[in-house]
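Counting starts at 1 for both ligands and their atoms, following the listed order. Sequential numbering from 1 along the given sequence is applied to the chain's residues.
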Amino acid sequence: MSPGPGNHRYVLGISAYYHDSAAALLRNGDIIAAAQEERFSRQKGDAHFPRQAVDYCLQSAGIGVADLEAVGFYDKPLLKFERILETYLGIAPRGFRSFLMAGPLWMRDKIYIDRQLRRELSYDGPVLYSEHHEAHAASAFLPSPFDSAAILTIDGVGEWATASIGRGEGRDFEIVQELHWPDSLGLLYSAFTYYLGFKVNSGEYKVMGLAPYGQPLYVDAIYRELIDLRDDGSFRLNQKYFDYLGGLTMTSAAFNELFGGPPRKPETPLSQREMDLARSIQVVCEEVMLRMARTAHRVTGLDDLCLAGGVALNCVGNGRLLREGPFKRIWIQPAAGDAGGALGVAQLIWHRHLEQPRRVVSNRDAMQGTYLGPAYDDEEIEGFLTKIGAPYRRLDRRNLSECVATLLAEEKVVGWFDGRMEFGPRALGARSILGDPGSPRMQAQMNLKIKFREGFRPFAPSVLRERVSDYFEMDVDSPYMLLVAPVREDRRTPVTADQQALWGIERLNVPRSDLPAITHVDYSARIQTVCRETNPHYYDLIAAFERLTGYGVLVNTSFNVRGEPIVCTPADAYRCFMRTNLDALVLGSCLLHKNEQHPMESSDEWQLTHQLD
Ligand SMILES: [Fe+2]
């Protein structure tokens, strides 16, 4: 196989056909591009072949498919089919109904992945497959800042494995223990997500955010009936309570009976029962994570831990692992869900199959802040704004930071679109909506007027790395917003008896610290630490805000409206700006004020969608 242009060697990784399709490209082993298909297709969690993400990766390197040394896929399709077939045969006739529904799809799209991949890519070079949890483990360890580390992957299910413990050393790793289908922490959590009326595979975050409102009243019932948890973190689930083996729903009639009724209908009001259930499953999830981590520590004898798999997005659990677990340091892959499998398989091919060395540079991870998606320079942005006739001002960066910091200090809400898009589910200051965390009104304002969503979750703070311990009971890096820690005691506001007696979501409106917009009802916060090396513009903005207000913290929420993927292009950002009550928009060096924009007609929107993306 000959190297690509300029003697560079390229490996492309792909994840697809389950949820969250993505592509990632390595050049000489360095991650040079990675993105989820949903950002381009505008279909949230898009599971199709990641056509546009692949095109983006290849274009960003200036290469074609013929220049790829290998293509990797994050899943072994035949192993997965074997699991599905055995599962359905094993429980026939109960599973017959949904096998008929699942069967043709698998036959068409999944067994013949090799043929399909080659056809989609027009590629006839080597295609290599990793196992699903191998890809997660690779994405956890290989880009981590550790020379050697324990690895823990936990998700719903891949082929057979639902969780794995591994040991990474140098350029390779081995998986030493696995937990197998149908005993799955991810699916247990998803079953509750479904039961609580949220969308499986994306609403798990809401369950975690709802948990602090509840009491752990159902923990005993979960341990007694649902899960037989052992000391080492492995467990058996009582399948009587679940329906994901054979049915079309996650939970069975016995589950409904145990927890006192049918699943909550989506979009109906939340009651205390849902809050208590959310708290209960969160408590159990954290306990399983802690036990698994202790086992990983024991069997590897190593002091650092890498995490991936969908459950690694449970940042409350991660925070507890950090505080109470046996590891000195923890690193979590920012694209911990299945999108990250694309990166994992590419790195696995580079280091294991092509036997290339791995170098860890001064304890720094290889993700480059996970800013691995498309960027648009100021000329492109100005070209776009001129074309649509949008009034704007282009400022030098220093001026821009000062202007935007001033707007934020005046409690304005600003869309911030700058540099390369984030890879992974969180917005980290490249495609973010920003606000003042000290404003008691900010939370309600951003939820209702901008995000159009349920207001029970507080927003997340972005904080200057060197200031994190001034505000929070934590002093480690959390660059990917995957750790939750308490707000410092001395910043908390005492709550009166009347306020204490408030119910549910009303409680969130009571300021609990001098940073009310980012403080949850249990005083926790989901923290992103910002370093100047990885995102200088965002860092400088927060520093400018600190000079004005004394606070080196901003509210950071993803740049999208409810139900839509995070914006990708300037046109996506402008459309979102005009559809919501954002006060200002930053596109690169350009600043736009809402009150100066011409009202957008639906025909303009159509043009934005179809001509300018
Ligand atoms: Fe997974």
Side-chain angles (χ1 to χ4, degrees), residues 13-24 34 36-38 44-48 50 53 72-84 87 106 109-110 113 129-143 151-166 173 175 177-191 193-194 199-205 237 244 250 285 288-289 292 306-315 317-318 332-348 423-426 480 482:
I14 289 174
S15 68
Y17 307 129
Y18 186 37
H19 47 82
D20 222 3
S21 293
Q36 293 135 270
E37 184 68 4
E38 63 161 25
K44 201 170 166 141
D46 197 338
H48 292 95
F73 190 75
Y74 83 134
D75 217 88
K76 283 197 172 146
L78 283 171
L79 265 181
K80 191 180 236 175
F81 186 72
E82 174 194 308
R83 189 249 305 162
I84 291 199
T87 301
W106 283 93
D109 286 345
K110 304 193 181 179
I113 277 172
Y129 296 87
S130 69
E131 286 186 25
H132 188 101
H133 273 258
E134 246 180 342
H136 277 315
S139 78
F141 175 64
L142 295 172
I151 305 166
L152 183 57
T153 69
I154 318 172
D155 71 353
V157 63
E159 295 89 3
W160 282 104
T162 59
S164 75
I165 289 171
F173 63 88
I175 289 179
Q177 288 189 7
E178 277 186 346
L179 190 65
H180 279 187
W181 167 269
D183 301 314
S184 162
L185 184 57
L187 287 179
L188 174 67
Y189 206 92
S190 292
T193 304
Y194 163 82
K199 226 173 152 184
V200 168
N201 288 330
S202 61
E204 284 74 8
Y205 232 63
L237 293 183
Y244 53 75
M250 295 290 291
C285 179
V288 178
M289 289 173 79
M292 284 182 173
C306 303
L307 280 168
V311 177
L313 295 171
N314 194 308
C315 37
N318 296 342
I332 307 146
Q333 163 57 239
D338 283 354
L343 176 62
V345 67
Q347 290 195 302
L348 197 61
F423 178 51
R426 304 278 83 84
Y480 307 123
L482 288 171

- Item | Partner set under side-chain contact (heavy atoms from CB on, under 4.5 Å) for Ser190, not counting sequence neighbours | Val200, Glu204, Met250

- Rounded to the nearest 0.5 Å, what's the gap from CG on Asp155 to OH on Tyr189? Could you check? 15.0 Å

- Task: Can you measure from CG (Leu179) to OG1 (Thr162) and round to the nearest 0.5 angstrom?
- Result: 4.0 Å

- Give, for atom OG of Ser139 and atom CD of Glu134, the distance between the pair rounded to the nearest 0.5 Å. 12.0 Å

- Tell me, which protein N/O/S atoms are under 2.8 Å away from the Fe ion (ligand 1)? His132 NE2, His136 NE2, Asp155 OD2, Asp338 OD1

- Message: Ring-plane angle category for Tyr74 and His132, please: parallel below 30°, perpendicular beyond 60°, tilted otherwise.
- Response: tilted

- How are the rings of Phe141 and Phe173 set relative to one another: parallel (under 30°), tilted (30 to 60°) or perpendicular (over 60°)? perpendicular

